[in-house]
Amino acid sequence: MVFNEVKNFINGEFKSGSSSKIHTVISPLDDKELTTFNESTMDDLNEIIDFAKKAQKAWQKVTLKERVQVFYKYKQLLEQNSAELTEIIYHENGKIHSEARAEIDKAIELTEFACSLPQFVTGENMEVSKGVYCSTTKLPLGIVASIVPFNFPTMVPHWTIVNAIALGNAFILKPSEAVPISSQYTAKLLKEAGLPDGLFNIINGTQSTVENLCDHPDIKAITFVGSTKVAKIVYQRASQNLKQVLALGGAKNHIILLPDAHRDMASSNIVASMSGCAGQRCMAAATLIAVGNCDMILDKLIDDANQIQCGTTLGAVISKAAKERIESYIAEAEQQGAKIVLDGRNTIVPGKENGFYVGPTIIDFATADMKVATEEIFGPVLTIVRVNTIDEALAIENASPYGNACSVFTQSGGLANYVTENASAGMCGVNIGVPVPREPFGFGGWNESRFGSGDITGKSAIGFFTKEKKTTTKWNPEAGTNWMS
């Protein structure tokens, strides 16, 4: 595919960033240049804010049922353009086509939820005393912004775009500088769907752009998805500027494997979890804690992982630096005495010799204190730690500073409940490798995987993107009175 220059989207028009600093977008598939974009400045952000203020004031006067009509049309456009959108993700992110298409399908589901908001945002009304009524209404915050990562160029932005705008806000998206192309098409389709100009905006840039978003007084709320290190910085900076903030960080997800697990189901689910999206997702299986003798299942798991083919059933990682970082973790584990039972280092894909590929990797006999067992690798690497009891496994899981996901594979309902009740994670799974809740249930972890309150999707997002007004009314002077009236 041939891509045009990436631009900001301001008041319904594409416009280059005003800085002379130019960034290059590289495809992970072959290390070739896809396009470029200019860094944005505070002047660019101020221009967006000026238009967004006017657009939002008009938009909040439109009823919620009318606002979501735009997203019915937008959902149809996502469906009609899914092939092209899939191809864009393939080139800029390096995912295989089926994974890229799954992103579009999830964006469609998220848009469907936004269309259903009139059924959830109904307010309350109660006669609290004779002739005295209390009611609540949800109102938009104003202008909100989302800072999103490289690993899901379409899905993660849709965690916030559709809900925030449907709830009456104007929205600013700051895409990852590694994958800014998909957002250009999001802007085009939203405009085609009939969204008024000024409500959806894009600002491209790097650290300085993030800082400008955190500092701007007219932005009322910010969401962030990325590493825990940066999530903390964004949360602290934006909070100090009195914004509402939800910052999702990294993870080190644990799968607890029990000997009674269904061998084929456990193996296929765990392999898909550790290798899907090249392991570049905050819900990927990272550390497998094998309780007791699980050798029959582990042997099957290794065989299944060995069938994965880079470039066909496994995509590229995002950059050369990412590839080198992942392979350095594997090398260190080997030096520390762990056994590399499946080695994905130095992978070359014919026809894509310059691509950034790491093959599926399984590290066995690791100890719980090794970096491969405790730090987020963000690659197709599964680390196996062996223990004797389920409580040992839970102790390892509980000791992690993160808290996104924990899954257990077993055929015992009692043991499954024991794990899910005692795991220190916001999203748990039973015989599911990637326990991501579906709409209307919200996405959100615990501990250092999340900074702020609530979840970023589902019904919880309603509270984040709105403020509640309470009104108490009395019209009848003849009504009896008591201490409440």
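Excluded from the calculations below are hydrogen atoms, water molecules and symmetry mates; all remaining heavy atoms, backbone and side chain alike, are included.
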Assess the residue pair Tyr402 and Thr228 against the criterion (side-chain contact (heavy atoms from CB on, under 4.5 Å)); give the C-alpha distance rounded to whole Å, side-chain angles, the decisive distance to 0.1 Å, and a yes or no.
CA-CA 9 Å; Tyr402 302 107; Thr228 287; 3.4 Å; yes
Side-chain heavy-atom pair Leu190, Thr186 within 4.5 angstrom cut-off:
yes
Compare every heavy atom of Pro175 with every heavy atom of Pro180, then report the nearest pair and how far apart it is.
CA-CB, 4.1 Å
Does any donor atom in the side chain of Glu375 or Tyr329 lie under 3.5 Å from an acceptor atom in the other side chain?
yes
Out of Ile10, Asp218, Asp43, Ile219, which residue meets the side chain to side chain contact (heavy atoms under 4.5 Å, CB included) rule with Ile48?
Ile10
Any idea which heavy atoms bring Ala231 and Ala247 closest together, and the distance?
O-CB, 3.6 Å
Side chains of Glu92 and Ser27 only: does a donor on one sit below 3.5 Å from an acceptor on the other?
no
Do Val381 and Val372 touch side chain to side chain, with heavy atoms closer than 4.5 Å?
no
Do we see a donor-acceptor contact under 3.5 Å between the side chains of Arg345 and Thr361?
no
Measuring from atom CD1 of Ile165 to atom CG of Leu195, what distance do you get when rounded to the nearest 0.5 angstrom?
5.0 Å
Would you say the side chain of Leu301 lies within less than 4.5 Å of the side chain of Ile362, judging by non-hydrogen atoms?
yes
In sequence, state the C-alpha distance, the side-chain angles, and the governing distance for Lys15 and Asp44, and then conclude on salt bridge (Lys or Arg N to Asp or Glu O under 4.0 Å).
CA-CA 9 Å; Lys15 185 177 180 180; Asp44 297 317; 6.0 Å; no
Would you check, one step at a time, whether the test side-chain hydrogen bond (donor to acceptor under 3.5 Å, both in side chains) holds for Asn38 with Ser19?
CA-CA 6 Å; Asn38 286 64; Ser19 171; over 6 Å; no
Could you walk me through whether Asn163 and Ile462 pass the side-chain contact (heavy atoms from CB on, under 4.5 Å) check?
CA-CA 8 Å; Asn163 287 338; Ile462 297 168; over 6 Å; no
Assess the residue pair Asp50 and Lys54 against the criterion (salt bridge (Lys or Arg N to Asp or Glu O under 4.0 Å)); give the C-alpha distance rounded to whole Å, side-chain angles, the decisive distance to 0.1 Å, and a yes or no.
CA-CA 7 Å; Asp50 288 343; Lys54 297 174 185 175; over 6 Å; no
For the residue pair Asn398 and Ser424, confirm or rule out a side-chain donor-acceptor distance under 3.5 Å.
no
With sequence neighbours excluded, what pairs up with Glu324 under the side chain to side chain contact (heavy atoms under 4.5 Å, CB included) test?
Lys320
Closest heavy-atom pair, Ser183 versus Ile202, reported as atoms and distance to 0.1 Å, is O-CD1, 3.2 Å
Lys188 charged N/C atom sitting above Tyr185 aromatic ring, 6.0 Å / 45°
yes
Below 4.5 Å, heavy atoms only, C-beta onward: do Tyr418 and Thr410 meet side chain to side chain?
no
Is it the case that the side chains of Gln236 and Gln240 hold a donor-acceptor pair, with the cut-off being a distance below 3.5 Å and no angle test?
no
How many angstroms lie between atom OG1 of Thr154 and atom CG of Asp105, to the nearest 0.5 angstrom?
11.5 Å
Cationic N near anionic O, under 4.0 Å, Asp455 to Arg450
yes
Check: Arg101 side chain, Thr86 main-chain N or O, donor-acceptor pair, under 3.5 Å
no
Any side-chain to backbone donor/acceptor pair from His23 onto Lys21? Under 3.5 Å, distance only.
no
Cation-pi geometry met for Lys95 and Phe152 (6.0 Å, 45°)
yes
Any luck finding a side-chain donor-acceptor pair between Ser40 and Thr209 under 3.5 Å?
no
Less than 6.0 angstrom separating the ring centers of Tyr74 and His158, yes or no?
yes
Exceeds 12 heavy-atom contacts within 6.0 angstrom, atom CD of Glu13:
no
With no hydrogens and no angle check, just 3.5 Å: does a side-chain donor-acceptor pair link Glu124 and Ser135?
no
How about Val179 and Ile318: do any of their side-chain heavy atoms sit closer than 4.5 Å?
yes
Measure from the ring center of Phe451 to the ring center of Phe224 and say whether it is less than 6.0 Å.
no
Taking side chain as C-beta onward, heavy atoms only, is Asn204 less than 4.5 Å from Gln184?
yes
Donor-acceptor contact present, side-chain Ser227 to main-chain Val230, <3.5 Å
yes
Donor + acceptor pair across side chains of Asn241, Asp215 (<3.5 Å):
yes
Using side-chain contact (heavy atoms from CB on, under 4.5 Å), reason through Trp159 and Val225 one step at a time and then give a plain yes or no.
CA-CA 10 Å; Trp159 281 356; Val225 180; 3.9 Å; yes
Do Glu468 and Thr137 meet the criterion of a side-chain donor-acceptor pair at a distance under 3.5 Å?
no
How long is the straight-line distance from NE2 of His216 back to CD of Glu211, given to the nearest 0.5 Å?
14.5 Å
Any donor-acceptor pair under 3.5 Å linking the side-chain atoms of Thr36 with those of Thr24?
no
Output, in order, the C-alpha distance, side-chain angles, deciding distance and verdict of side-chain contact (heavy atoms from CB on, under 4.5 Å) for Thr383 and Leu288.
CA-CA 6 Å; Thr383 301; Leu288 175 64; over 6 Å; no
Any side-chain donor paired with an acceptor under 3.5 Å for Asn447 and Ser449?
no
Say whether Asn11 and Asp197, considering side chains only, have a donor N or O and an acceptor N or O under 3.5 Å apart.
no
Is there a side-chain contact between Val271 and Leu382 in this structure, where contact means two heavy atoms from C-beta onward sitting under 4.5 Å apart?
no
Side chains of Gln244 and Leu141, heavy atoms from C-beta outward: is any pair under 4.5 Å?
yes
